[in-house]
S.K.: 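Have a look at this one.
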Amino acid sequence: MHAIRVLLVDDQPMIRTGFRLILEAEPDITVVGEAPDGVAAVESAAALCPDIVLMDIRMPNMDGVEATRRIVESGSPSRIVILTTFDLDAHVVDALRAGASGFLVKDGPADSLVGAIRTVAAGDAVLSPRVTHRLLDRFAHLGGPATPDVPSRLGALTSRELDVLRALTRALSNAEIAVELGVGETTVKTHIAHILEKYGLRDRVQAVILAYDCGLVVPRDTR
């Protein structure tokens with residue numbers, strides 16, 4: 001069995017040590033390196049080729065947003081999970097737009113961290129319904145009003161693909177989308193794959209960002 005290779009990026013040594021202890025207690029996860037800032041993260045990601053980069057968002061020298069952008073733009077296959085102290089950290093949205101595959105709040109339970117690593121390594125994304133909705137609604141609200149019409153930028157999608165994309169913005173799982181739309185889970189996966197392929201997206205998080213950027217979904221007022 002291929003162990004999931006993880007790079008830990010955080011400017012606090014005790015945080016890195018804690019995450020290492022949690023992850024290395026799992027038989028299918030190994031920590032291949034640590035980095036104290038974004039500059040070292042970019043260098044380590046290139047040298048170690050980890051499956052997952054667990055990336056702190058606020059660091060000296062180079063923050064997690066810029067490090068994420070550089071790793072993604074380099075063409076690295078490494079997938080990035082952002083770590084944040086605050087669940088409404090506005091920089092998280094920037095990191096997701098830069099190519100991160102999700103995020104976790106640092107004070108969350110250990111099993112959430114382990115589960116997120118496995119989820120992202122399997123090619124999916126980490127979307128916490130409560131926190132993601134609050135972040136993206138806040139971001140969309142600041143970005144301007146949305147329109148009930150289908151944006152021209154999403155014209156390549158079929159009506160069913162649009163339904164699936166709207167469901168993704170609500171952080172529904174594939175199984176939940178299947179029940180809501182009355183189709184099989186395999187069909188949902190196929191629709192998501194088509195959405196990602198048509199717009200060159202890495203995962204469902206990027207699809208959600210696209211939906212909000214285009215104004216497909218009307219943001220709720222979170223003030």
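Below, all heavy atoms of this structure are taken into account, side chains as well, without hydrogens, waters or symmetry copies.
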S.K.: Go through it in stages, so that I can follow the logic: the residues are Val6 and Phe19, the test is side-chain contact (heavy atoms from CB on, under 4.5 Å), and I'd like the CA-CA distance, side-chain angles, deciding distance and then a yes or no.
M.R.: CA-CA 10 Å; Val6 179; Phe19 285 145; over 6 Å; no

S.K.: Under the side-chain hydrogen bond (donor to acceptor under 3.5 Å, both in side chains) rule, what do Ser74 and Ser76 come out as? Steps first, then yes or no, please.
M.R.: CA-CA 5 Å; Ser74 75; Ser76 169; 4.8 Å; no

S.K.: Does the Glu176 side chain pair with the main chain of Ser173, one donor and one acceptor, at a distance under 3.5 Å?
M.R.: yes

S.K.: From Ser101 OG over to Arg204 CZ, what is the distance, rounded to the nearest 0.5 angstrom?
M.R.: 11.5 Å

S.K.: Kindly compute the distance separating OG1 (Thr68) from CE (Met62), expressed to the nearest 0.5 Å.
M.R.: 10.5 Å

S.K.: Can I get a per-line list of side-chain donor-acceptor pairs under 3.5 Å for residues 44-57, giving both atom names and the distance, sequence neighbours left out?
M.R.:
unit_1, atom_1, unit_2, atom_2, d
Ser44, OG, Ala40, O, 2.9
Asp51, OD2, His2, NE2, 3.1
Asp51, OD2, Arg5, N, 2.8
Asp56, OD1, Lys106, NZ, 3.2

S.K.: Kindly determine whether Asp203 and Val120 satisfy side-chain contact (heavy atoms from CB on, under 4.5 Å), including the steps that lead there.
M.R.: CA-CA 9 Å; Asp203 51 45; Val120 174; over 6 Å; no

S.K.: Side chains of Ile71 and Ile80: closer than 4.5 Å at any heavy-atom pair?
M.R.: yes

S.K.: In the structure I gave you, are the side-chain heavy atoms of Leu196 and Arg202 within less than 4.5 Å of one another anywhere?
M.R.: no

S.K.: Between Asp111 (side chain only) and Val114 (backbone N and O only), is there a donor and an acceptor less than 3.5 Å apart?
M.R.: no

S.K.: Can you tell me how far the OG1 atom of Thr190 sits from the CD atom of Glu197, to the nearest 0.5 Å?
M.R.: 11.0 Å

S.K.: Is the closest side-chain heavy-atom distance between Thr158 and Asp163 below 4.5 Å?
M.R.: no

S.K.: Would you call Arg58 and Asp63 a side-chain contact if the rule is heavy atoms closer than 4.5 Å?
M.R.: no

S.K.: State, to 0.1 Å, how close Glu180 and Leu172 come at their nearest heavy-atom pair, and which atoms those are.
M.R.: OE1-CD1, 3.7 Å

S.K.: For Arg69, is there an ion pair with Glu66 - N to carboxylate O distance below 4.0 angstrom?
M.R.: yes

S.K.: Quick one: list whatever passes side chain to side chain donor-acceptor pair (under 3.5 Å) with Thr187, sequence neighbours left out.
M.R.: none

S.K.: Just do the side-chain contact (heavy atoms from CB on, under 4.5 Å) check on Glu185 and Val179 with the steps written out, would you?
M.R.: CA-CA 8 Å; Glu185 191 170 345; Val179 171; over 6 Å; no

S.K.: Rounded to the nearest 0.5 Å, what's the gap from CG on Asp11 to CG on Asn61? Could you check?
M.R.: 9.5 Å

S.K.: Do you know the tightest heavy-atom contact between Ala167 and Ile177?
M.R.: CB-CG1, 3.6 Å

S.K.: So how far is it from Leu23 CG to Leu8 CG, rounded to the nearest 0.5 Å?
M.R.: 6.0 Å

S.K.: Tell me, please, which residues at least two apart from Lys198 pass salt bridge (charged side-chain N to carboxylate O under 4.0 Å, His left out).
M.R.: Glu161

S.K.: Looking only at heavy atoms, what is the nearest atom pair of Ala41 and Ala35, with distance?
M.R.: N-CB, 3.7 Å

S.K.: Please determine whether side-chain contact (heavy atoms from CB on, under 4.5 Å) holds for the pair Leu104 and Ile82, giving the CA-CA distance in whole Å, both sets of side-chain angles, and the decisive distance to 0.1 Å.
M.R.: CA-CA 6 Å; Leu104 296 170; Ile82 293 295; over 6 Å; no

S.K.: So that I can tick it off, tell me whether Asp213 and Arg97 are bridged by a salt bridge, with the cut-off set at under 4.0 angstrom between side-chain N and carboxylate O.
M.R.: yes

S.K.: Quick one: does Glu26's side chain get under 4.5 Å of Ile4's, heavy atoms only?
M.R.: no

S.K.: Got Arg16 and Leu21 here, is their nearest side-chain heavy-atom distance under 4.5 Å?
M.R.: no

S.K.: Could you check whether any side-chain heavy atom of Phe103 comes within less than 4.5 Å of a side-chain heavy atom of Leu96, counting everything from C-beta outward?
M.R.: yes

S.K.: Below 4.5 Å, heavy atoms only, C-beta onward: do Leu7 and Glu34 meet side chain to side chain?
M.R.: no

S.K.: Output the distance between atom OG1 (Thr30) and atom CZ (Arg20), rounded to the nearest 0.5 Å.
M.R.: 8.0 Å

